[in-house]
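Here the structure is a predicted model, which is why all the values come from computation and not from measurement. The analysis underlying the following values was restricted to heavy atoms, covering all of them including side chains, and did not include hydrogens, waters or symmetry mates. In what follows, chains are A, B, ... by sequence order, proteins preceding strands, each numbered from 1.
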2 protein chains.
Amino acid sequence: MPTRAPQERRRRRPTAAGVLLSRELITETALRLIGEHGQEALSVRRLGAALGCDPSALYRYFRNTDELLLAVSDRIIGDAMTGFVPGPDWVASLREMALRVRDGYLAHPRAAAMASYRITRRENEFRAVETGVGLLLSAGFPPAHAVRLYLAFIDTVLGHAALDAACQALPRERREADEQAWTSAYRSVDPESYPALSEVRDELYAMAGSSFELAVDLLLDSLAARAAALRVRT
Amino acid sequence: MPTRAPQERRRRRPTAAGVLLSRELITETALRLIGEHGQEALSVRRLGAALGCDPSALYRYFRNTDELLLAVSDRIIGDAMTGFVPGPDWVASLREMALRVRDGYLAHPRAAAMASYRITRRENEFRAVETGVGLLLSAGFPPAHAVRLYLAFIDTVLGHAALDAACQALPRERREADEQAWTSAYRSVDPESYPALSEVRDELYAMAGSSFELAVDLLLDSLAARAAALRVRT
DNA sequence: ACTTTGCGTCAATGCCGTTGACATAAGGCG
DNA sequence: CGCCTTATGTCAACGGCATTGACGCAAAGT
């Protein structure tokens, strides 16, 4: 396996522009490109241009763009969770965990959009599950409940994060068109056919935003209520 | 109605292959293509081939591929919601709506991934929003709350549906490997490093399933609690 | 110093969405 | 019935995309 050897490269050769390529440098540059110029800035050709090398040189380091994006995703997850330590308040801790995951995804929307539903089964994921389940156990839930509730929690977080990231990853004009729909198309519906929509027409602008925090808070409220009910019963 | 009503076409002309094009036929064929061969099977050129017409003919019906995608997306919503009539119990009605949307997306797993986060601005989506917001208004929420809570609700539903659909769309062996991970890799972690995981090891198999219904029920519990609190306060 | 070979470069392939010019037949109108 | 307008299918072309195979140079290992 000449190209994707995980071990240190033995031969290194500067590009025409004098750059020394490496997997790290490539993933970093890809992240930077996405962050600076939006999602459509990431193509093999543009990445090559940004790195000062021929586009095809990247194939010495990644089998294809999918593998490159997975490498980028790995890095995102790691970045998001580093430094997180759960506190004594399990609800607040789960909340912070949710926000961290969301922020990590939103920082790199395009990569996130395609990575959210892929299970990495790596160190970082182990630690996240351990942390989340541990928090629910500390809340007093029995193991069977803790596992199921954690799944509901993390899927809600991931689902919302993926949705938000996917919106963010849309080309600017499409995203703006989608958002404007709530203050134009939706505002001017026929009151006869759509009475509820008409009644809330002055609030519809809120539909353009993200519901992430509200949804997480609603979910955590439910978890807190169930934990409290448990404590009363026992 | 601002639904950009594409008024009935007056002139119709068969393609070289003898097909009469229409928005309906095109969206149907697109949906079928995606379902049969994955979302990368959907390109203007392939769609043209499947329809027996020149690719550029499609631009007589849709301004670009994005608009076509929105039409496909709206059709999924329509299929999911046809025949749904909200009952007097708003919680039960929202629950049924959630399940219907989930099933609609699962019926087209590959299309769901690319459609879940878009705002179609079309009739079926109008009706769905009308229904959902109407239910929340009937629960006693003021307009501003109804809109925000509906967004949290539908995003939770769509987020979960997209996750489930994305898993469904994975190649069989990969999906089974992912599911088995919860009964193998995760079960055998080091108890010292991962105490919580070890404590729940006999329940981890549940992580392989979907948390959709539990998550929806948790959310609806929260909504019901807030509605009750509202009623007490007033 | 000599050989080996990793890897950057070049050129080419075959996709993709989209556009503008063109041709033709459908349908209104007299 | 025949003309005229125009909707709409077709064709050719453009520029961008990911990916590949051949090539040759220089770095590593001896």
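Comparing A/P14 and B/D66 by the nucleotide of DNA chain C that holds the closest heavy atom to each, the one mapping nearer the 5' end is A/P14.
Regarding B/D54, its CG atom lies at a distance of 16 Å from the P atom of C/dA23, rounded to whole Å. Here D/dA18 presents its C1' atom at 15 Å from CD of A/E67, a figure rounded to the nearest Å. For the pair A/Y59 OH and D/dC17 P, the interatomic distance rounds to 12 Å; values are reported in whole Å. Across the protein-nucleic acid pair, B/N64 atom CG and C/dT19 atom P stand 8 Å apart, rounded to whole Å. Computed from coordinates, the B/L58 CG to D/dC11 P distance equals 14 Å when rounded to whole Å. The CZ-C1' distance, from A/F62 to D/dA18, rounds to 16 Å in whole Å. The distance between atom CZ of B/R13 and atom P of C/dA26, rounded to the nearest whole Å, is 8 Å. Put simply, CG on A/L47 is 12 Å from P on D/dC17, counting in whole angstrom units.
A/H160 is not listed as a side-chain neighbour of A/S210, based on a closest heavy-atom distance of 4.5 Å or more. A/L25 has its side chain within reach of A/L51: a pair of non-hydrogen atoms, C-beta onward, lies under 4.5 Å apart.
Taking only distance into account, the side chain of B/R45 meets the base of C/dG17 through a donor-acceptor pair shorter than 3.5 Å. The base of C/dC10 is paired with the side chain of A/S56 by a donor and an acceptor separated by under 3.5 Å.
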Check your understanding: Could you walk me through whether A/M207 and B/Y150 pass the side-chain contact (heavy atoms from CB on, under 4.5 Å) check?
Key -> CA-CA 9 Å; A/M207 296 282 275; B/Y150 173 75; 3.5 Å; yes

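Proximity of A/R46 to the phosphate of D/dC17: a side-chain N or O atom is located under 4.0 Å from OP1 or OP2. An OP1 or OP2 oxygen of C/dG17 is reached within less than 4.0 angstrom by a side-chain nitrogen or oxygen of B/S43. Phosphate proximity of C/dT18 to B/T65: present, with a side-chain N or O under 4.0 Å from OP1 or OP2. Phosphate proximity of C/dC7 to A/Y61: absent, as no side-chain N or O sits under 4.0 Å from OP1 or OP2.
When distances are taken from the side chain of A/A57 to each of C/dT9, C/dG17, D/dT10, the shortest belongs to C/dT9. Closest to the B/R60 side chain, of the nucleotides D/dA22, D/dT10, D/dA7, is D/dT10.
Each of B/E125, B/R121, B/E130 was evaluated against A/Y186; a single residue qualifies, B/E125, per the side chain to side chain donor-acceptor pair (under 3.5 Å) test.
In this structure, B/N124 contributes its side chain and B/R75 its backbone to no donor-acceptor pair below 3.5 Å.
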